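Worksheet for the structure shown next.
The shown structure was predicted, so the numbers you read here are calculated from the model rather than taken from an experiment. Counting starts at 1 for both ligands and their atoms, following the listed order.
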Amino acid sequence: MIKLSIPHLAGNERKYVDDAVESTWIVPLGPYVDEFEHRLEAYLGHGNVVALSAGTAAIHLGLVMAGVKSGDEVVCQSLTFAASCNPIVYLGAHPVFVDSEPDTWNMSPRWLEQAILARKEATGRYPAAIVVVHLYGMPARMNRIMEVAEKYGIPVVEDAAEALGSEYDGKKCGTIAPYGVLSFNGNKIITTSGGGALICPDAEAASRVKFLSTQAREDRPYYYHTVIGYNYRLSNVSAAIGCAQIEELAERVDRRREINQLYRQGFAGVRGVTIHAEPDSGIKSNFWLTTVLFDETAVSRTPDEIRMALLEKGIETRLIWRPMHMQPVYADAPYYGEKCDESIFDHGLCLPSGTTLTDNDVQTVINAIIELL
Ligand SMILES: *Cc1c(COP(=O)(O)O)cnc(C)c1O
């Protein structure tokens with residue numbers, strides 16, 4: 001079976017986990033949590049990283065730190081995974097979805113501004129925050145997004161759960177907006193079995209996030225609480241796995257980019273098949289997943305028919321994230337756009353992209369798809 005993306009062990013996982021167990025640091029927190037945070041900070045060239053139990057938890061706390069409250073509205077790109085916007089609802093706030101642009105597949109700066117103005121008109125208030133996503137590792141147009149956000153004074157949470165190692169204008173994704181989110185779930189570019197991180201703007205914010213993620217316990221001899229807390233810190237054992245995984249991160253990014261290159265070469269000149277590429281030189285994707293668009297005028301099968309035919313040949317692919325405004329649970333949320341995201345969903349497919357794949361595996365996928373066209 002050629003899988004979409006599976007965990008890839010780096011080498012030192014067992015050693016560090018054994019050490020964590022032997023030193024009885026199997027409880028939450030401990031030296032590996034600090035070490036993992038330091039290694040992430042070194043890789044990102046940005047301080048104030050807080051390791052958490054999931055990327056979803058990081059989005060939740062990012063929104064808390066942005067000041068989102070019950071009854072607020074938060075703008076989010078519609079073409080994403082539900083974890084980007086579910087935390088908006090955890091806070092009693094309401095998501096407002098916006099369309100993607102065709103070249104990055106991410107939040108359209110133009111529709112973002114339209115949505116902000118329309119919500120001000122409709123509710124008398126600006127949205128309380130913006131969640132922008134670097135989908136499949138492809139960076140969003142952060143300069144334009146930040147320009148619009150700053151124009152209206154709206155804080156941004158950057159969902160880089162799929163984009164660790166991606167760069168925009170030489171800056172690592174996750175470090176561009178005041179708050180950035182990483183995920184170390186099983187199928188992401190590196191994993192801690194489950195985990196995430198919130199990249200904070202300064203030491204004071206990071207300290208507040210640590211406080212909130214450990215039950216908001218005040219510094220007193222008895223338990224004393226002035227705000228609602230969460231149990232969101234990463235465990236020391238998970239962080240030990242992360243310390244091993246990050247040792248290979250640079251190679252993992254290079255390999256995912258190489259796999260993308262192999263797909264591009266393999267489909268060069270094939271009618272109706274477009275591998276999603278970086279639109280300009282300021283945008284560098286980690287190509288967490290290589291994605292493809294099929295042109296319906298040249299390809300007789302739908303992406304789902306191609307997916308099922310590939311599955312029969314032992315090749316796992318996945319349809320594009322179904323936009324949030326098309327989800328029953330978000331049927332009532334406002335949407336601003338021209339359905340570019342729906343078109344990507346209708347025509348796209350995610351190809352096997354994990355770093356455990358050989359060049360031969362990639363060629364097998366390419367040949368199988370060409371046979372089906
Ligand atoms: C994986 C993912 C998340 C959530 O991360 P978890 O660690 O699984 O909670 C959020 N946003 C996007 C875009 C993701 O792909």
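Every atom of ligand 1 is numbered from 1 in the order shown, and the set under 4.0 Å from a heavy atom of S84 is 11 (N), 13 (C). Taking a cut-off of under 4.0 Å to the non-hydrogen atoms of G55, the atoms of ligand 1 that pass are 5 (O), 6 (P), 7 (O), 9 (O). In summary, the atoms of ligand 1 found under 4.0 Å from a heavy atom of S183, numbered by their order in the structure, are 1 (C), 5 (O), 6 (P), 7 (O), 8 (O). Atoms of ligand 1 found under 4.0 Å from any heavy atom of A83 (numbered from 1 in listed order, with element): 3 (C), 4 (C), 10 (C). Each of the atoms 2 (C), 3 (C), 14 (C) of ligand 1 lies under 4.0 Å from some heavy atom of F81.
Under the 4.0 Å criterion applied to side-chain N and carboxylate O atoms, D304 and R307 are assigned as salt-bridge partners. A salt bridge is defined here as a Lys NZ or Arg NE, NH1 or NH2 lying under 4.0 Å from an Asp or Glu carboxylate O, and R39 with E35 meets this definition. With respect to the salt-bridge test (charged N to carboxylate O, under 4.0 angstrom), the residues E278 and R257 qualify.
Counting only heavy atoms of the protein, atom 9 (O) of ligand 1 lies nearest to T56 OG1, 2.5 Å. Closest protein heavy atom to atom 8 (O) of ligand 1: N185 ND2, 2.9 Å. E162 OE2, 2.5 Å is the protein heavy atom nearest to atom 15 (O) of ligand 1.
Only the side chain of D159 comes within 4.0 Å of ligand 1, counting heavy atoms alone; its backbone N, CA, C and O stay farther away. Proximity of A161 to ligand 1, defined as any heavy-atom pair under 4.0 Å, is confined to the side chain (atoms from C-beta onward).
Ligand 1 has no nitrogen or oxygen under 3.5 angstrom from a nitrogen or oxygen of T80.
At a cut-off of 3.5 Å, with distance as the only test, a side-chain donor of T290 or N260 sits close to an acceptor on the other residue.
Contact between K188 and ligand 1 is present, with at least one heavy atom of the residue lying under 4.0 Å from the ligand. Using a 4.0 angstrom heavy-atom cutoff, G195 counts as in contact with ligand 1.
For N187 (side chain) and S5 (main-chain N/O), no donor-acceptor pair under 3.5 Å exists by modelled atom type.
Note on ring orientation: taking the six-membered ring where Trp is involved, the planes of W105 and H276 are parallel (angle under 30°, cut-offs 30° and 60°). Classified by interplanar angle (parallel below 30°, tilted 30° to 60°, perpendicular above 60°), the ring pair Y223/H225 is tilted. Classification of the Y136-W288 ring pair by plane angle, with boundaries at 30° and 60°, yields parallel.
Hydrophobic cluster membership for I176: V75, V96, V98, M107, W111, L112, I116, L117, Y126, I130, V132, M138, M142, I145, M146, V148, Y152, I154, V156, Y168, I283, F287, Y336 (Ile, Leu, Val, Met, Phe, Trp, Tyr linked by side-chain heavy atoms under 4.5 Å, directly or transitively).
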